[in-house]
Amino acid sequence: MGSQINYTVTGIDAGAGIMSSTQKALKAYGLESDNWQLQTSSTAAMTSTLDKAIQDKRPIVITGWQPHWMFTKYPIKFLKDPKNVFGKAEHIDTVVRKGLKTDKPEAYTVLDRFHWTPAQMSEVMLKVNDGVDPEKAAKQWIKKNPKQVQSWTKGVKKVHGQSLKLTYVAWDSEIASTNVIAQVLRNQGYKVTIQAMEIQPVWASVATGAADAQVSAWLPKTSGLFYKDYKGKFEDLGPNLKGAKVGLAVPKYMTNINSIEDLKN
Ligand SMILES: C[SH](C)CC(=O)O
């Protein structure tokens with residue numbers, strides 16, 4: 001099968017943890033020796049390549065993750081990973097800079113309580129994918145889910161214009177979560193700026209205090225290296241989402257490819 005797709009896995013931005021996990025998988029499953037390679041691109045480029053392949057019913061292997069609208073929009077499936085290179089389930093943690101609890105206790109409490117489900121994240125992701133501006137999609141979700149937002153803000157004093165900076169990676173999942181929590185914090189009175197960058201600078205920005213928080217930490221495996229590299233220089237407030245998953249994925253019409261092992265000639 002490999003020859004039909006030039007032995008290529010279509011990936012996303014080079015720094016993403018899913019990319020290093022995929023490199024590890026190519027090695028672990030002996031695909032590297034079969035000249036398999038991992039193509040770096042971006043989430044947008046990967047999903048557009050996936051779209052074209054599915055329109056032409058061509059084989060393709062991508063780096064996939066859930067929650068993500070690609071599993072709603074396209075008939076794709078994760079490949080089994082018997083060597084457990086990608087791990088079973090992932091959770092996405094909220095990571096804040098040291099000292100935030102003292103300097104901005106109200107923001108700290110809301111960030112600590114922020115928690116939602118893959119279905120709720122997907123709701124916002126799909127709206128953005130349909131062309132709704134991310135900030136607007138966040139406002140619509142907040143309006144529709146007052147009880148859940150109150151569980152994050154109940155009893156938290158409002159502030160008056162204090163600044164707050166969140167950094168994130170422009171993955172569809174993190175565009176959704178960062179815009180939702182940013183809007184909730186704006187409604188609490190903060191002047192919130194959000195800045196998109198690659199995942200390594202996101203971790204560095206919080207570790208150096210250049211940013212106050214990030215909600216993009218896919219753990220335990222995908223962002224595990226960054227967690228280790230910056231250990232002690234941030235505070236992990238735990239999961240804002242549980243039940244995520246990363247791996248390699250293919251269209252369901254590739255009926256004979258169900259495990260990463262099946263990619264081997
Ligand atoms: C968009 S991927 C699941 C996340 C990552 O690679 O850190």
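Model, not experiment: these values are computed from the prediction. Throughout, residue positions are numbered sequentially from 1 according to the sequence presented. Both counts, for ligands and for their atoms, begin at 1 and track the order of listing.
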**OP:** Indicate yes or no: does K127 engage E123 in a salt bridge with an N to O separation below 4.0 Å.
**Re:** no
**OP:** Would you mind running through ligand 1 and noting each atom that sits below 4.0 Å from a heavy atom of A16?
**Re:** 6 (O)
Original post:
Is ligand 1 under 4.0 Å from a heavy atom in the side chain of V246, in the backbone, in both, or in neither?
Top reply: side chain
Subject >> Contact check, I199 vs ligand 1, heavy-atom distance below 4.0 Å >> reply: no
Original post:
Between Y29 and W36, is the gap from one ring center to the other below 6.0 Å?
Top reply: no
Original post:
Which ligand 1 atoms does G17 reach within 4.0 Å, using its non-hydrogen atoms?
Top reply: 5 (C), 6 (O), 7 (O)
**OP:** Report yes if the side chains of M19 and T63 come closer than 4.5 Å at any heavy-atom pair, otherwise no.
**Re:** yes
**OP:** Give a yes or no on whether the ring-centroid distance for F78 and F86 is below 6.0 angstrom.
**Re:** no
**OP:** Identify, for atom 5 (C) of ligand 1, the protein heavy atom at the shortest distance, and state residue, atom and that distance.
**Re:** T222 CG2, 3.1 Å
Original post:
Quick one: does NZ or CZ of K144 land under 6.0 Å from the six-membered ring centre of W141, within 45 degrees of the ring axis?
Top reply: no
